[in-house]
Student: 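Attaching a single structure in structure tokens format; questions to follow.
These figures come from a predicted structure and were not determined experimentally. Numbers here are sequence positions counted from 1.
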Amino acid sequence: MQIAHLHNGLSFGSDGNLYVSSSLTDSVLRYNGQTGAFIDTFATEEKGSEPDGLSFGPDGNLYIANFRTNNILRYNGKTGAFIDTFVPSGSGGLNGPVKPIFGTDGNLYVSGLNSNNILRYDGKTGAFIDTFIPAGRGGLNGAGFLAFTEDSTVIPESRMGLAVLALGTVLGTSKVLSRKQKARS
């Protein structure tokens, strides 16, 4: 009997390859960014951690949200070697992290599916800063994937500021919440 793999997080690395989290195998798989051919298992996590969303940081390292263990781990972006636990379990109320992403301000933003919020962490230390978007604000229910943009054609009324999108993921929810913040120089 073959078990299907869940692939929730994906990100292209600076090498042009595609990195995909495989929740049921507790690993990150690497694929050729041009052909889709499997290259290797880039990183392996503790059994049962359920890696979910992942992204490369400004430092070139790979940051992985672990849904079950409620933390963010950091791996060397070139070798896949474990570096450290960047955001400890439950820090700032982190519960069911889905997608870590670095904002234009250099901080790390993480959506929490179970906590229904967006948390902000120091992009260099992983220390909790604040709850950037609390549960329920603007109808947020089931915080999912995040994206940052300064393109006013993507989000109407954006005035060249930082815009955060939190897309609902529960049962196909399509509510979109945006919060604009003045871009920092």
Side-chain angles (χ1 to χ4, degrees), residues 5-14 19-30 41-137 140-148 162 164-170 177 179 181 184:
H5 299 287
L6 296 178
H7 303 294
N8 295 319
L10 55 103
S11 183
F12 282 94
S14 61
Y19 295 78
V20 181
S21 66
S22 180
S23 296
L24 295 181
T25 62
D26 299 311
S27 59
V28 174
L29 308 175
R30 180 168 36 187
T41 298
F42 183 71
T44 303
E45 297 208 351
E46 180 181 321
K47 186 170 178 57
S49 62
E50 292 187 21
D52 203 348
L54 52 86
S55 62
F56 286 89
D59 59 3
N61 290 318
L62 183 62
Y63 294 79
I64 304 171
N66 291 290
F67 191 81
R68 183 161 310 242
T69 55
N70 296 313
N71 60 17
I72 308 293
L73 302 182
R74 178 170 41 183
Y75 290 82
N76 182 296
K78 301 283 184 211
T79 67
F82 176 75
I83 296 174
D84 61 6
T85 300
F86 190 68
V87 175
S89 293
S91 174
L94 186 61
N95 188 351
V98 177
K99 178 70 175 174
I101 190 166
F102 285 87
T104 57
D105 61 0
N107 289 317
L108 181 68
Y109 294 78
V110 182
S111 55
L113 183 63
N114 295 338
S115 55
N116 293 315
N117 58 14
I118 309 297
L119 303 176
R120 179 172 28 191
Y121 298 89
D122 184 285
K124 293 188 174 152
T125 67
F128 176 70
I129 296 174
D130 62 6
T131 300
F132 186 65
I133 301 175
R137 180 176 286 164
L140 181 63
N141 184 7
F145 294 96
L146 300 174
F148 285 89
L162 172 68
V164 178
L165 301 179
L167 304 178
T169 59
V170 178
L177 170 70
R179 175 176 174 179
Q181 176 184 31
R184 297 180 183 171

Student: Using the side-chain contact (heavy atoms from CB on, under 4.5 Å) rule, take Ser14 and Lys78 through it: C-alpha gap first, then chi angles, then the decisive distance, then the call.
Tutor: CA-CA 9 Å; Ser14 61; Lys78 301 283 184 211; 3.5 Å; yes
Student: If the test is side chain to side chain donor-acceptor pair (under 3.5 Å), which one of Asn66, Thr69, Thr25 qualifies with Glu45?
Tutor: Asn66
Student: Would you confirm whether Asn107, through its side chain, and Arg120, through its main-chain N or O, come within 3.5 Å as a donor-acceptor pair?
Tutor: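 Side chain of Asn107 to backbone of Arg120: no pair is present.
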Student: Answer yes when Asp84 and Arg74 have at least one side-chain N-carboxylate O distance shorter than 4.0 Å, and no when they do not.
Tutor: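 Salt bridge present between Asp84 and Arg74.
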Student: Would you please indicate yes or no on a ring centroid separation below 6.0 angstrom for Tyr19 and Phe42?
Tutor: yes
Student: Kindly determine whether Asn61 and Ile83 satisfy side-chain contact (heavy atoms from CB on, under 4.5 Å), including the steps that lead there.
Tutor: CA-CA 9 Å; Asn61 290 318; Ile83 296 174; 3.7 Å; yes
Student: If you compare all heavy atoms of Ser23 against all heavy atoms of Pro51, which two are closest, and at what distance to 0.1 Å?
Tutor: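 The pair with the smallest heavy-atom distance is OG-O, 2.7 Å.
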Student: Measure centre to centre between the rings of Tyr109 and Phe102, then say whether the value is under 6.0 Å.
Tutor: no
Student: Quick check: does any side chain N or O of Thr125 sit under 3.5 Å from a backbone N or O of Ala127, one acting as donor and the other as acceptor?
Tutor: yes
Student: Can a donor-acceptor pair be found, under 3.5 Å and without considering hydrogens, that links the side chain of Ser11 to the backbone of Ser55?
Tutor: no
Student: How about CZ on Arg30, more than 12 heavy atoms from neighbouring residues, nucleotides or ligands closer than 6.0 Å, or not?
Tutor: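 Yes, enclosed.
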Student: What are the two closest heavy atoms between Pro134 and Phe132, and how far apart are they?
Tutor: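 Result for this residue pair: CD-O, 4.1 Å.
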Student: Hey, does Thr44 have a side-chain heavy atom less than 4.5 Å from the side chain of Asp26?
Tutor: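 Contact flag for Asp26/Thr44 side chains = no.
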Student: Is any side-chain heavy atom of Pro100 closer than 4.5 Å to one of Leu54?
Tutor: no
Student: For Ala43, is there any backbone N or O sitting under 3.5 Å from a side-chain donor or acceptor partner on Ser27?
Tutor: no
Student: Would you say the side chain of Val87 lies within less than 4.5 Å of the side chain of Tyr63, judging by non-hydrogen atoms?
Tutor: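 No, too far: nothing below the 4.5 Å cut-off.
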Student: Please tell me if the side chains of Tyr121 and Leu94 come closer than 4.5 Å, counting only heavy atoms from C-beta onward.
Tutor: yes
Student: List the steps, then state whether side-chain contact (heavy atoms from CB on, under 4.5 Å) holds for Tyr75 with Ile64.
Tutor: CA-CA 8 Å; Tyr75 290 82; Ile64 304 171; 3.6 Å; yes
Student: Quick check: do Val110 and Ile118 have side-chain heavy atoms less than 4.5 Å from each other?
Tutor: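 The answer is no, as the side chains (C-beta and beyond) never meet within the 4.5 Å cut-off.
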Student: Would you say the side chain of Thr131 lies within less than 4.5 Å of the side chain of Asn117, judging by non-hydrogen atoms?
Tutor: yes
